[in-house]
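All remarks here apply to the structure that follows.
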Amino acid sequence: MRQSSQCVNVLRNVLNAITGTTLLCLTFGAQAGATLDAVKQRGQVRCGVSTGVVGFSAPDSQNRWKGLDVDVCRAVAAAVLGDPDKVAYTPLNAQQRFAALQSGQIDVLSRNTSWTLTRDASLGLHFVAVTYHDGQGFMVPRKLKVNSARQLKGAQVCVQAGTTTEKNLADFSRRHQLNLKPVVFDTFEAAFKAYFSGRCQAYTTDASGLASVRTKEAPWPDEHVILPELISKEALGPMVKRGDDDWLAAVRWTVFALLEAEELGISQANVAGKKADPDPAVQRFVGSTEDMGKLLGLDRQWAVRAVQATGHYGEIFERHVGQQSALKLARGPNRLWNQGGLMFAPPIR
């Protein structure tokens, strides 16, 4: 009798485990694809951008958003919706950006945001990929005749609050016993305006941001020097909300497609004629042989449309921050892996 009772209990536990697993799977199944489906039904990608960082995300004279981060959203809209212009841009400052994504106000945050453990593990958000390798630097008035950040001992430094920049500044100051005095501002704009007004002896942010600010905002750009050393590594990239792997995959592989296109020599100008290319990798990319889009909930031409909309990664880089832009930043670590850089995409296969 006791043995029979034990068998019943074992069976009950097994059934409960199976039922629980089934319910768990159903729960995840119900969540999967929610954002991707919503974007398709809405016919628009809601993209969180900066409040204005030239080269990455800033409105032009006709109030059209331009920049490397903007083109990520345009490529996603082209891949998912077939039209790169089906994007609604929401300008967000550093304090607003994560809450906007967590609350569902935006679908993707593409806003010069650094990938860190804390952000990746505690916000309920996923980093998608690295779209720009950067590092934090300093800008100072040329008249100070400072050649290194280590010569700034005791200086007041303008910095934006709620950023990795603020934390890096404190670490750098302690590490080298510089007693730097941060002057903290809520917004990117307030911080650099305070520096240009003479409130601080130096201004710190990512090196790309320094170049952007000096080019666009400095009354006399030549009067300001960006110091050569970088005090941090900043892997910048877009983010999406956790819990929707289908949307994560669609955004991630669109970014990877832009990198893969550059490696394969597929550009905005030639992508339409690549269907006859004999290279098997190119054939997969353009959907002539295998249907890679089906695995992402997209069609065969998803990657082709992304490249048609923005060009490959190298074209995006040069147009917005490289030699074709006002910033004229060196490609540096943002070169492809087979050209001595850090940028690469897993194979589309």
Side-chain angles (χ1 to χ4, degrees), residues 45 47 49 54-60 62 64-87 89 108 110 128-132 208 236-238 250-289 291-293 296 298-332 334-339 341 343-349:
V45 176
C47 179
V49 291
V54 172
F56 290 86
S57 54
D60 64 12
Q62 296 180 312
R64 294 176 300 191
W65 284 89
K66 298 289 181 65
L68 188 151
D69 289 335
V70 170
D71 271 356
V72 169
C73 289
R74 286 174 51 79
V76 171
V80 175
L81 301 174
D83 187 343
D85 294 325
K86 290 186 175 180
V87 184
Y89 299 100
V108 57
S110 188
V128 171
V130 177
T131 53
Y132 191 90
S208 60
L236 311 182
V251 177
R252 172 173 287 165
W253 282 97
T254 298
V255 173
F256 286 159
L258 301 176
L259 291 165
E260 183 83 340
E262 182 179 9
E263 185 173 341
L264 294 174
I266 302 173
S267 68
Q268 192 172 34
N270 69 23
V271 63
K274 284 291 185 176
K275 290 184 179 180
D277 193 305
D279 186 332
V282 174
Q283 289 285 293
R284 281 192 296 271
F285 189 96
V286 300
S288 293
T289 51
D291 185 355
M292 296 288 99
L296 299 171
L298 307 176
D299 62 18
R300 284 177 177 267
Q301 296 294 297
W302 65 281
V304 170
R305 289 195 302 272
V307 176
Q308 284 175 329
T310 65
H312 59 56
Y313 178 80
E315 292 177 285
I316 294 170
F317 185 99
E318 293 303 328
R319 181 168 63 247
H320 294 302
V321 301
Q323 297 308 303
Q324 297 173 23
S325 75
L327 302 187
K328 299 193 181 303
L329 296 175
R331 187 82 184 263
N334 295 294
R335 296 189 301 268
L336 294 181
W337 67 279
N338 56 3
Q339 297 173 5
M343 303 299 286
F344 77 97
I348 296 177
R349 60 182 307 157

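Any value given below was found using the heavy atoms of this structure, including those in side chains, with hydrogens, waters and symmetry copies removed.
- Residues Gln323 and Arg331 form no side-chain contact, since every pair of their non-hydrogen atoms from C-beta on lies 4.5 Å or further apart.
- Side-chain atoms of Lys328 do not come within 3.5 Å of backbone N or O of Gly322 as any donor-acceptor pair.
- Distance check: Ser208 OG to Leu327 CG gives 8.0 Å after rounding to the nearest 0.5 Å.
- Closest non-hydrogen pair, Cys47 versus Val87, comes out as CB-CG1, 3.7 Å.
- Put simply, the side chain of Tyr313 gets close to the backbone of Thr131: a donor and an acceptor are under 3.5 Å apart.
- Contact detail for Trp253 and Pro346: the closest heavy-atom pair is CZ3-O, 3.5 Å.
- Note on Asp71 versus Lys66: no salt bridge recorded, every NZ/NE/NH1/NH2 to OD/OE distance being 4.0 Å or above.
- Put simply, the side chain of Gln308 never gets that close to the backbone of Gln268: no donor and acceptor are under 3.5 Å apart.
- Side-chain atoms of Asp299 come within 3.5 Å of backbone N or O of Trp302 as a donor-acceptor pair.
- Taking every heavy atom of both residues into account, Tyr89 and Cys73 meet most closely at CE2-CB, 4.4 Å.
- Remark: side-chain polar atoms of Glu262 are not paired, donor with acceptor, to backbone N or O of Leu259 under 3.5 angstrom.
- A donor-acceptor contact shorter than 3.5 Å links the side chain of Arg300 to the backbone of Thr289.
- A distance of 15.0 Å separates CZ of Arg349 from CZ of Phe285, quoted to the nearest 0.5 Å.
- The closest side-chain heavy-atom distance from Ile316 to Leu258 is below 4.5 Å.
- Between the side chain of Gln283 and the backbone N or O of Asp277 there is at least one donor-acceptor pair closer than 3.5 Å.
- Between Tyr132 and Phe56, the ring-plane angle classifies as perpendicular under the 30° and 60° cut-offs.
- One distance of note links CD1 of Ile266 with CD of Glu315; it measures 11.0 Å at 0.5 Å rounding.
- Across every non-hydrogen atom of Ala309 and Ala78, the tightest pair is CB-CB, 3.7 Å.
- Atom-to-atom distance recorded for Thr254:OG1 and Leu298:CG is 6.5 Å, nearest 0.5 angstrom.
- No side-chain heavy atom of Phe344 sits under 4.5 Å from any side-chain heavy atom of Glu263.
- In this structure a side-chain-to-backbone donor-acceptor pair under 3.5 Å is present from Arg319 to Thr310.
- For Asn270 against Gly265, the heavy-atom pair with the smallest separation is ND2-O, 3.1 Å.
- With contacts defined as side-chain heavy-atom distances shorter than 4.5 Å, the pair Arg74/Asp85 qualifies.
- Here the side chains of Ser325 and His320 are not in contact, with every heavy-atom distance at 4.5 Å or above.
- Using a distance-only test at 3.5 Å, with no hydrogens or angles considered, no donor-acceptor pair links the side chain of Ser57 to the main chain of Gly67.
- Annotation: the span from Ile348 atom CD1 to Leu264 atom CG amounts to 7.5 Å, rounded to 0.5 Å.
- Taking both residues in full, the closest heavy atoms of Val108 and Pro238 are given as CG2-CB, 4.1 Å, listed atom of the first, atom of the second, then distance.
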